[in-house]
Novice: 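First the structure, then my questions, so here it is.
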Amino acid sequence: AAERTAVTSISSRRNEELGKLPMKHTFYSLLPLFLLLDLVIPFLLATTCPGYRHTRQVMSVLGNRSAPFHTVYTLWLLLLGTAILLASTQLCPLLRSRSGGLSLALAVILIIYALGGCILSGLFPVSETKAMETLSAKIHGFGSVLGFLALTFAPLVVALFYFKGRQTGLALCALACFLLALVFFVLFVMADKPRFAHTVIAWEGLWQRLTLLFMYLPLALLCVRGAQ
């Protein structure tokens, strides 16, 4: 009985230590790497698509069925969406100690983006011209817009989280990212309007990448710092 009690005590202590493991031993600490790869992979795949222009064309074009490595990009979107879903199960509870509302808001945002902006967008590719002529393109467009719109507010949630913790510098950085992401998202939406066809506003590929960059930065910061 004494040995059994000792074993139970050791096991309990080990579980407590696992619960206190530093952030590097948790899955969400890998999320910044996935977010970085989401910006880098299109540059690598674009080398196989003659005529592809990063400033003018969205990343989804690399997933259309006529692209040489469209399967690679499709699988990447599915992997990214899954990674975000898994990371959210660990990342969002960290916010609960400071604000249950912010924790729930971030969870909803990440789930919508993972499902709409990544998984649905991967399963239902756009055509080469991004025209909404097929059911696949329409589902892709709906999921992508919904996902992007939701993720736009992720930096704001992170900013509010740091404001509540009186970490003003970090909060202001996240708030600046939110405002920049909002500006670039508006430009991204305006880019395919005919009246802007021959202006810099038509550079939808550039606006998409900048939008993602400033959406991702506060999330990466939150992952690196945890709930500190």
Side-chain angles (χ1 to χ4, degrees), residues 12 14-39 76-122 143-186 188 208-228:
S12 177
R14 183 176 297 172
N15 288 336
E16 290 178 4
E17 290 173 354
L18 286 172
K20 295 178 181 178
L21 281 174
M23 185 186 57
K24 66 181 181 179
H25 295 287
T26 59
F27 183 80
Y28 72 81
S29 62
L30 296 175
L31 186 58
L33 175 61
F34 281 95
L35 300 180
L36 175 63
L37 286 174
D38 190 44
L39 296 174
W76 164 248
L77 288 178
L78 297 178
L79 177 62
L80 177 63
T82 303
I84 291 174
L85 287 175
L86 291 175
S88 68
T89 63
Q90 295 181 343
L91 183 62
C92 296
L94 292 178
L95 278 65
R96 197 175 300 145
S97 60
R98 199 171 291 178
S99 172
L102 292 179
S103 174
L104 178 60
L106 186 61
V108 171
I109 286 170
L110 292 180
I111 290 171
I112 292 176
Y113 179 67
L115 294 178
C118 300
I119 295 175
L120 272 182
S121 295
S144 181
V145 169
L146 192 62
F148 264 66
L149 187 60
L151 195 66
T152 303
F153 293 94
L156 179 60
V157 171
V158 176
L160 293 174
F161 171 76
Y162 284 127
F163 273 126
K164 287 183 74 70
R166 302 183 187 280
Q167 295 166 287
T168 309
L170 295 174
L172 290 176
C173 287
L175 185 60
C177 285
F178 167 66
L179 294 175
L180 287 169
L182 194 60
V183 169
F184 290 129
F185 182 67
V186 170
F188 175 56
Q208 182 191 35
R209 288 161 174 79
L210 288 175
T211 301
L212 283 173
L213 174 64
F214 289 107
M215 288 175 178
Y216 286 167
L217 281 176
L219 289 175
L221 175 65
L222 189 63
C223 290
V224 171
R225 291 186 57 85
Q228 300 174 17

Novice: Could you give all pairs that pass the side chain to side chain donor-acceptor pair (under 3.5 Å) test and reach residues 144-158, with sequence neighbours left out?
Specialist: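 Listed by first then second residue: nothing to list.
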Novice: Using side-chain contact (heavy atoms from CB on, under 4.5 Å) as the criterion, point out the one residue from Leu213, Ile84, Leu80, Leu33 that pairs with Asp38.
Specialist: Leu80
Novice: Work out which heavy atom in Ala220 is nearest to a heavy atom in Leu35; give both atom names and the distance.
Specialist: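 So the two residues come closest at N-CD1, 4.4 Å.
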Novice: Output a table of donor-acceptor pairs, distance under 3.5 Å, between side-chain atoms of residues 104-115 and any protein atom two or more places apart or on a different chain; print 'none' if there are none.
Specialist:
unit_1: Tyr113; atom_1: OH; unit_2: Tyr216; atom_2: OH; d: 2.7

Novice: Shortest non-hydrogen contact from Lys164 to Leu102?
Specialist: CD-CD1, 3.8 Å
Novice: Grab the two heavy atoms, one from Gln208 and one from Phe188, that are nearest each other, plus how far apart they are.
Specialist: CB-CE1, 3.7 Å
Novice: Which distance, rounded to the nearest 0.5 Å, do you find between the CG of Leu146 and the CG of Leu120?
Specialist: 9.0 Å
Novice: What heavy-atom pair brings Ser103 and Arg96 nearest, and what distance separates the two atoms?
Specialist: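 Looking at all heavy atoms of both residues, the closest pair is CB-N, 3.8 Å.
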Novice: Can you tell me how far apart SG (Cys118) and CG (Leu78) are? Round to the nearest 0.5 Å.
Specialist: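 Reported to 0.5 Å precision, the distance equals 9.0 Å.
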Novice: Rounded at 0.5 Å granularity, tell me how far CG in Leu222 sits from CG in Leu31.
Specialist: 9.5 Å
Novice: Taking side chain as C-beta onward, heavy atoms only, is Leu212 less than 4.5 Å from Phe184?
Specialist: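 Side chain of Leu212 against side chain of Phe184, heavy atoms only: no contact under 4.5 Å found.
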Novice: Quick one: pull up CG in Leu219 and CG in Leu91 and give me the separation to the nearest 0.5 Å.
Specialist: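 The distance works out to 7.5 Å.
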Novice: Measuring from Leu172:CG to Phe163:CZ, what's the distance to the nearest 0.5 Å?
Specialist: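 With rounding to 0.5 Å, CG (Leu172) is 4.5 Å from CZ (Phe163).
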Novice: If every non-hydrogen atom of Ser121 is compared with every non-hydrogen atom of Gly116, which pair is closest and at what distance?
Specialist: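 Distance-wise, the nearest heavy atoms are OG-O, 3.0 Å.
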Novice: Heavy atoms only: give me the nearest Arg98-Gly165 pair and the separation to one decimal.
Specialist: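 Taking every non-hydrogen atom into account, NH1-CA, 3.4 Å.
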Novice: Going from CE on Met215 to CG on Leu182, what distance comes out if it is rounded to the nearest 0.5 angstrom?
Specialist: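 Going from CE on Met215 over to CG on Leu182, the span is 8.5 Å.
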Novice: Could you list the residues that satisfy side chain to side chain contact (heavy atoms under 4.5 Å, CB included) with Leu79, not counting sequence neighbours?
Specialist: Phe34, Trp76
Novice: Any chance you could lay out the side chain to side chain contact (heavy atoms under 4.5 Å, CB included) test for Thr89 and Tyr28, step after step, and finish with the verdict?
Specialist: CA-CA 9 Å; Thr89 63; Tyr28 72 81; over 6 Å; no
Novice: Would you call Phe185 and Leu149 a side-chain contact if the rule is heavy atoms closer than 4.5 Å?
Specialist: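 Result yes, sub-4.5 Å side-chain heavy-atom pair found.
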